[in-house]
Peer 1: 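I am attaching a structure below and will ask some questions about it afterwards.
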Amino acid sequence: MKISCSEVKRGTILNVEGKLMKVLDISHTHTGRGGATYTFKSKNIIDWGNLNLTFKSTVTLQQAEVATQNAVFLYQAGDSYAFMLNDTSEMFELDGDDVSDVAMYLKENLDCFLMIYEENVIGVILPSTIEYTVAETVPGVKGDRSNAGKKPATMDNGLEVQVPLHVEQGATIRVNTSTGETA
């Protein structure tokens, strides 16, 4: 699908010379007599390399036809991660490299979305927050403010985050998947 530079938004996936680039940030520059330019800070979805793309405002770009489908994360076996589509029960096994940016947040039976391009899974989209159970944490010391009222905790899936001092083992907390902090 063809789109103009002005229609590109954060999260848009462009097909640039056969490479799938996800737009992370956009800057627009307009000089006095010259034309406007758009610079897209982007990330290659396949090899996760960063790249800045600059185009004149008159350029038409190719938006990649990426479908997102409801799925559930089932389990991890070694360096393989198993997902199942909710609609068709089709199974996908992804390598650790394919999910490296989200692997720390995955837990069994987690609802998510799979990004599919030309019948291949190219990425996983997580919910904005996920609930975890605190598996292990140190006791909070009243009056300890060296860490702004936070202490380390390990979740039931092995994820390590900073939690408030009052949180104890067995408590349920929400973690923001974009920042890695408690929500």
Peer 1: Is the shortest side-chain heavy-atom distance between Val134 and Met155 below 4.5 Å?
Peer 2: yes
Peer 1: For Val16 and Phe40, run side-chain contact (heavy atoms from CB on, under 4.5 Å): C-alpha distance rounded to whole Å, both residues' side-chain angles, the deciding distance at 0.1 Å, then the answer.
Peer 2: CA-CA 12 Å; Val16 180; Phe40 304 119; over 6 Å; no
Peer 1: Between CD of Glu160 and OG1 of Thr137, what distance do you get to the nearest 0.5 Å?
Peer 2: 10.5 Å
Peer 1: Would you find a donor on one side and an acceptor on the other, under 3.5 Å apart, between the side chain of Lys151 and the backbone of Val167?
Peer 2: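 Checking the backbone N and O of Val167 against the side chain of Lys151, a donor-acceptor pair under 3.5 Å is found.
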Peer 1: Does any non-hydrogen side-chain atom of Leu53 lie less than 4.5 Å from one of Val23?
Peer 2: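 The answer is no; the side chains never approach within 4.5 Å.
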Peer 1: Between the side chain of Thr154 and the main-chain N/O of Ala135, is any donor-acceptor distance below 3.5 Å?
Peer 2: no
Peer 1: Which pair of heavy atoms, one from Pro127 and one from Thr177, lies closest together, and at what distance?
Peer 2: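 Smallest heavy-atom distance, with atoms named: O-OG1, 2.7 Å.
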Peer 1: With heavy-atom distances below 4.5 Å as the criterion, would you say the side chains of Asp25 and Arg10 are in contact?
Peer 2: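 In short, these two side chains touch, coming nearer than 4.5 Å.
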Peer 1: Counting C-beta onward and ignoring hydrogens, is there a side-chain heavy-atom pair between Leu74 and Met91 closer than 4.5 Å?
Peer 2: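 Yes - at least one pair of side-chain heavy atoms lies under 4.5 Å apart.
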Peer 1: Could you state whether Phe92 and Ile45 fall into the same hydrophobic cluster, counting links through intermediate Ile, Leu, Val, Met, Phe, Trp or Tyr residues with side-chain heavy atoms under 4.5 angstrom apart?
Peer 2: no
Peer 1: Check the hydrophobic clustering (I, L, V, M, F, W, Y; side-chain heavy atoms under 4.5 Å; chains of links allowed) and say if Val163 and Val138 are grouped together.
Peer 2: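 In one cluster with Val163: Val138, no.
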Peer 1: Same hydrophobic cluster for Ile125 and Phe83, using side-chain heavy-atom links shorter than 4.5 Å among ILVMFWY?
Peer 2: no
Peer 1: Calculate, to the nearest 0.5 Å, the distance between atoms CD and CD belonging to Gln169 and Glu136 respectively.
Peer 2: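 Nearest 0.5 Å value for the CD-CD distance: 7.0 Å.
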Peer 1: Which heavy-atom pair separates Lys41 from Asn52 by the least distance, and what is that distance?
Peer 2: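 Looking at all heavy atoms of both residues, the closest pair is CA-OD1, 3.4 Å.
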Peer 1: Around atom CD of Glu7, are there more than 12 heavy atoms of other residues, nucleotides or ligands at under 6.0 Å?
Peer 2: yes
Peer 1: Out of curiosity, Leu14 CG to Phe55 CZ, how far, rounded to the nearest 0.5 Å?
Peer 2: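 Result: 7.0 Å between the selected atoms.
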Peer 1: Quick one: are Leu61 and Cys5 in side-chain contact, heavy atoms under 4.5 Å?
Peer 2: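 Yes, close enough: below the 4.5 Å cut-off.
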Peer 1: Hey, does the side chain of Glu65 reach the backbone of Met1 with a donor-acceptor pair shorter than 3.5 angstrom?
Peer 2: yes
Peer 1: Does Tyr105 belong to the same Ile/Leu/Val/Met/Phe/Trp/Tyr cluster as Leu110, with side-chain heavy atoms less than 4.5 Å apart forming each link?
Peer 2: yes
Peer 1: Would you compute the distance between atom CG of Leu20 and atom CG of Asn44 and round it to the nearest 0.5 angstrom?
Peer 2: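 Leu20 CG to Asn44 CG: 7.0 Å, rounded to 0.5 Å.
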Peer 1: Answer yes if the side chains of Thr172 and Glu131 hold a donor-acceptor pair under 3.5 Å, and no otherwise.
Peer 2: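 No donor-acceptor contact under 3.5 Å links the two side chains.
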Peer 1: Rounded at 0.5 Å granularity, tell me how far NZ in Lys56 sits from OG1 in Thr54.
Peer 2: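 That separation rounds to 11.5 Å.
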Peer 1: Under a plain distance cut-off of 3.5 Å, with no hydrogens placed, do Tyr81 and Gln76 share a side-chain donor-acceptor pair?
Peer 2: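 Present: a donor and an acceptor within the cut-off.
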Peer 1: Got Asn157 and Leu106 here, is their nearest side-chain heavy-atom distance under 4.5 Å?
Peer 2: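 No, every pair of side-chain atoms sits at 4.5 Å or beyond.
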Peer 1: If we only count heavy atoms from C-beta on, is the Ile3 to Thr12 side-chain gap below 4.5 Å?
Peer 2: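 They are in contact (side-chain heavy atoms under 4.5 Å apart), so the answer is yes.
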Peer 1: Please find the pair of heavy atoms, one from Leu85 and one from Gln69, that lie closest to each other, and give the distance.
Peer 2: CD1-OE1, 3.1 Å
Peer 1: Go through it in stages, so that I can follow the logic: the residues are Lys19 and Leu51, the test is side-chain contact (heavy atoms from CB on, under 4.5 Å), and I'd like the CA-CA distance, side-chain angles, deciding distance and then a yes or no.
Peer 2: CA-CA 11 Å; Lys19 296 179 183 172; Leu51 185 64; over 6 Å; no
Peer 1: For side-chain contact (heavy atoms from CB on, under 4.5 Å), just list the numbers for Gln62 and Lys2, CA-CA rounded to whole Å, side-chain angles, deciding distance to a tenth of an Å, and then say yes or no.
Peer 2: CA-CA 5 Å; Gln62 182 70 32; Lys2 302 268 186 194; 3.6 Å; yes
Peer 1: Would you name the heavy atoms of Ser42 and Met21 that are closest together and state the gap between them?
Peer 2: OG-CE, 3.3 Å
Peer 1: Out of curiosity, Asp98 CG to Asp101 CG, how far, rounded to the nearest 0.5 Å?
Peer 2: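 Reported to 0.5 Å precision, the distance equals 9.5 Å.
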Peer 1: Using side-chain heavy atoms (C-beta onward) and a distance below 4.5 Å, is Val175 in contact with Ile130?
Peer 2: no
Peer 1: At their closest point, which heavy atom of His30 faces which heavy atom of Ala36, and how far apart are they?
Peer 2: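 Here His30 and Ala36 meet closest at ND1-CB, 3.4 Å.
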Peer 1: Over all heavy atoms of both residues, which pair between Phe73 and Lys107 is shortest? Give the atoms and the distance, please.
Peer 2: CD2-O, 3.1 Å
Peer 1: Would Val124 and Val66 show up in the same hydrophobic cluster when neighbours are defined by side-chain heavy atoms closer than 4.5 Å?
Peer 2: no
